[in-house]
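Below is one structure, written out as structure tokens; comments come after it.
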Amino acid sequence: MGGKAVGPEWVLTVDLPPPSLNNNTADADRLADALKQALPADAVRMDLPLIRALPQKLRKHHFRVRCVVFKGLHDTVLTAVLDPEDPLPVAGLALDIGTTTVFMRLVDLETRTLLGEIPFSNPQGRIGPDVLTRILYAETDEGLFELNRLLMEALNRHIHALCAQCGIDTRRIFLVSVAGNTAMTHLFLGLCPGHLIREPYIPAVNRIPLLFAGDLGLGLSPEARVYVFPNIGSYFGGDLFAGILFSGLHEKDRLSLLVDVGTNAEVVLGTREWFMACAGAAGPALEGGVTRMGMPAGPGVIDKVTIDSRTRRVNVRTIGNHPPKGICGSGLIDLAAQLFRAGMIDIQGKWIPAACGERLVAQDGEWRFVLVPARETAGRGNLTLTQADLDSLMRSKAAMYTILETLTQTAGVSFEEIEAFYVAGTFGSVIDPESAITLGMLPDLPRDRFHVLGNSAIGGAVRVLFSRESTGRVAAIRDRTTYLELNVNQEFMNRFSAARFIPHTDISRFPSVTIPPPPHPLGSAPPEGAP
């Protein structure tokens, strides 16, 4: 009665028996029955514009059609009905809307292959580089409209560029999946995020139904549907749920931990049976966004630093081997760890002038460590690190460790029980765990337990487009997650103070970290009267 349906995941070719006096089921019901049986699904929803065109399409193609379906919170929705012989690809678009950078990937839904990708700077940065500034700006209708407009215009512009690059019409995009932190999700949807930053820190929505792309202002197929990963708290958003899905954390029998470092540090701990999650502001300095020479990873940006502990000779590596123009988070972590190992900064992260020699210069009433002299940079003058930069890094590294410590202790487990430690985010894709452990940012665990995931948010967004099971898995993950609100956690600040030393006030927590001996002078001393 219902016919046959075959195909990969969200795209199915359906063969229906034609209607007759003995089989007078309505066209929409006939198609829905076949899809329910093939998926399987309890129900398949069709919207009125699609039903209006259905009788003509079924008869034009002799009751054999290619269907695009999608599943949101509850319903499986028929998104498009296409010619089964249409040679053009059926595309999906995955979006990771980060505070600093937006990533998009265009995929073929049938072959489950990557067609192309584009990263670009989030244009909302011109309003404010951080989430808090944007949330405050969005508290007026005009401000919210402006932030949403900036993002949507940039998305549409880059979608057109990506489709042109891949030779695909934007109207061939039928499914979209979107991952972002709670604030970015609100701004993407045009929702006021003001209550995220005020006790009791409540989002406007956590579970988002399937949406029409046109209702959001995305210039795609009129039939295109948008799946937005859910939130669970003011600082725990869909990007981390996407990361859990991508990492497979939800399938692990043993205790695992995922940390995604971006503008905030978002952490989830658990097994396939339970998750506990929290988030906090540990990211800006770790992204390289607080130091004066800091910048996001890109060509010419320093991502690796080594210092010979005997000669204190400094070597840097840049992305693409271009002349240095700045430093990203992983490079900054390397630099601080190397300075400590070489005895050039102490356990408080303060300069030791006698060990730094001529590289430490006095300027504008503060010490500046010359990492790369002007003659070797990409026309940007000396690349220097100040004491204020180091202090900012020390706060961020302490916050990162304290978030991890608070989460594990609240869950009643120790670091040593963690079998797999996943590090995600742009920062996480190039971090050296050895350097992070030296500083006391990550716990001192066997190095083979650390696994670098790269951009797990975009990976999870793609996974939703490639698997019918993924949206249900995300819903189950969310239902098994307990969110810990650090804003009202009294123990956090006590632990934070103890973590503001290298590697920690309790050295026994970091048995693999060697405290360097008192430094020997190297080169000429800094000028008299310097700070």
**OP:** Could you give me the CA-CA distance, side-chain angles and deciding distance for Phe241 and Phe229, then say whether ring pair (Phe, Tyr, Trp, His ring centres under 6.0 Å) is met?
**Re:** CA-CA 7 Å; Phe241 283 118; Phe229 279 84; 8.0 Å; no
Original post:
Going through the distances and angles, do Leu269 and Trp274 end up as a side-chain contact (heavy atoms from CB on, under 4.5 Å)?
Top reply: CA-CA 8 Å; Leu269 173 75; Trp274 62 272; 4.3 Å; yes
Subject >> Candidate pair Leu93 and Met104, rule side-chain contact (heavy atoms from CB on, under 4.5 Å), full reasoning >> reply: CA-CA 7 Å; Leu93 183 70; Met104 59 172 60; 4.2 Å; yes
Subject >> Check against side-chain contact (heavy atoms from CB on, under 4.5 Å), Leu216 and Phe188 >> reply: CA-CA 8 Å; Leu216 294 169; Phe188 171 76; 3.9 Å; yes
Subject >> salt bridge (charged side-chain N to carboxylate O under 4.0 Å, His left out) between Asp253 and Arg272, intermediate numbers included >> reply: CA-CA 6 Å; Asp253 291 318; Arg272 65 191 309 163; 3.2 Å; yes
Subject >> Evaluation steps, side-chain contact (heavy atoms from CB on, under 4.5 Å), between Leu136 and Ile197 >> reply: CA-CA 9 Å; Leu136 294 174; Ile197 58 173; 3.7 Å; yes
Subject >> Chi angles and distances behind the salt bridge (charged side-chain N to carboxylate O under 4.0 Å, His left out) call for Arg157, Glu153 >> reply: CA-CA 6 Å; Arg157 186 166 61 252; Glu153 287 182 353; 5.3 Å; no
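Residues Thr402 and Glu405 have side chains that never bring a donor and an acceptor to within less than 3.5 angstrom of each other. Between the side chains of Thr271 and Arg254, no donor N or O sits under 3.5 Å from an acceptor N or O. A side-chain donor from one of Ser508 and Asp506 sits under 3.5 Å from a side-chain acceptor of the other. If you check the side chains of Asn122 and Thr100, you find no donor sitting under 3.5 Å from an acceptor. With hydrogens and angles left out, the side-chain atoms of Ser512 and Arg447 include a donor and acceptor closer than 3.5 Å. A donor and an acceptor atom, one from each side chain of Asp389 and Thr386, are located under 3.5 Å apart. Using modelled atom types, one finds no donor on one side chain facing an acceptor on the other under 3.5 Å when comparing Tyr483 with Arg478.
The closest donor-acceptor contact from the side chain of Glu376 to the backbone of Pro373 lies at 3.5 Å or more, if one exists at all. Without hydrogens or angle criteria, Asp96 side chain to Phe103 main chain gives no donor-acceptor distance under 3.5 Å. In terms of modelled atom types and a separation under 3.5 Å, the side chain of Lys397 and the main chain of Ala499 share a donor-acceptor contact. Listed for the Ser309 side chain is no donor-acceptor partner under 3.5 Å among the backbone atoms of Arg341. Side-chain N or O atoms of Thr514 include none that pairs as donor or acceptor with a backbone N or O of Pro516 at under 3.5 Å. Judged by distance alone, the side chain of Asn148 and the main-chain N or O of Leu187 form a donor-acceptor pair under 3.5 Å. Side-chain N or O atoms of Thr377 include none that pairs as donor or acceptor with a backbone N or O of Pro324 at under 3.5 Å. Remark: the backbone N or O of Ala342 is paired with a side-chain donor or acceptor of Arg312 at under 3.5 angstrom. Under the 3.5 Å distance criterion, the side-chain polar atoms of Ser456 are left unmatched by any main-chain donor or acceptor of Gly459. Using a distance-only test at 3.5 Å, with no hydrogens or angles considered, a donor-acceptor pair links the side chain of Gln387 to the main chain of Gly349.
Listed by chain and number, the residues in a side-chain contact (heavy atoms from CB on, under 4.5 Å) with Asp346 are Gln348, Lys350, Ile352 (sequence neighbours excluded). Residues that satisfy the side-chain contact (heavy atoms from CB on, under 4.5 Å) test with Thr140, not counting sequence neighbours, are Glu142.
In plain terms, the two heavy atoms of Leu484 and Cys278 that are nearest each other are O-CB, 3.3 Å. In this structure, Leu95 and Ala461 approach most closely via the heavy-atom pair O-CB, 4.1 Å. Summarising the geometry of Pro443 relative to Leu404, their closest heavy-atom pair is CD-CD1, 3.8 Å, with the distance given to 0.1 Å. Between Val474 and Tyr227, the closest heavy-atom pair is CG1-OH, 3.4 Å. Nearest heavy-atom pair, Leu371 versus Arg359, reported as atom, atom and distance to 0.1 Å: O-NH1, 3.2 Å. The shortest heavy-atom contact between Ile127 and Leu147 is CG1-CD2, 3.6 Å.
Atoms CG and CG, on Asp334 and Asp303 in that order, are 8.0 Å from each other to the nearest 0.5 Å. With values rounded to the nearest 0.5 angstrom, Leu245 atom CG is found 8.5 Å from Glu251 atom CD. The CG atom of Asp444 sits 5.5 Å away from atom CD1 of Ile437, with the distance rounded to the nearest 0.5 Å. In this structure, Thr406 OG1 and Met276 CE are separated by 11.5 Å, a value rounded to the nearest 0.5 Å. Taking CD1 of Ile208 as the reference point, atom OG1 of Thr185 lies at 6.0 Å (rounded to 0.5 Å). Interatomic distance, Tyr422 OH to Leu249 CG, rounded to the nearest 0.5 Å: 7.0 Å.
Using a 4.5 Å heavy-atom threshold, the side chains of Phe340 and Ile515 count as touching. Under the 4.5 Å side-chain criterion, counting only non-hydrogen atoms from C-beta, Thr99 is not in contact with Gln124. Looking at Val268 and Leu407, their side chains never come closer than 4.5 Å, going by heavy atoms from C-beta outward. The side-chain heavy atoms of Val314 and Val370, taken from C-beta on, include no pair separated by under 4.5 Å. Between Ile345 and Ile502, the closest side-chain pair of non-hydrogen atoms falls below 4.5 Å. Contact annotation: the side chain of Thr384 never approaches that of Val361 to less than 4.5 Å [non-hydrogen atoms, C-beta and beyond].
Within 6.0 Å of NE2 in His451 there are more than 12 heavy atoms belonging to other residues, nucleotides or ligands. The number of heavy atoms from other shown groups lying within 6.0 Å of CG (Asp141) does not exceed 12.
Classified by interplanar angle (parallel below 30°, tilted 30° to 60°, perpendicular above 60°), the ring pair His158/Phe120 is parallel. Ring-plane geometry between Phe415 and Tyr401 is classed as tilted, the angle between the planes lying from 30 to 60 degrees on a 0 to 90 degree scale.
Applying side-chain contact (heavy atoms from CB on, under 4.5 Å) to His186 and the options Leu191, Asn181, Ile135 leaves one that passes, Leu191. Test Val259, Asp239, Thr182 against Glu266 for side-chain contact (heavy atoms from CB on, under 4.5 Å) and you get one pass: Asp239.
A salt bridge links Lys304 with Asp432: at least one charged nitrogen is closer than 4.0 Å to a carboxylate oxygen. A salt bridge links Arg198 with Glu139: at least one charged nitrogen is closer than 4.0 Å to a carboxylate oxygen.
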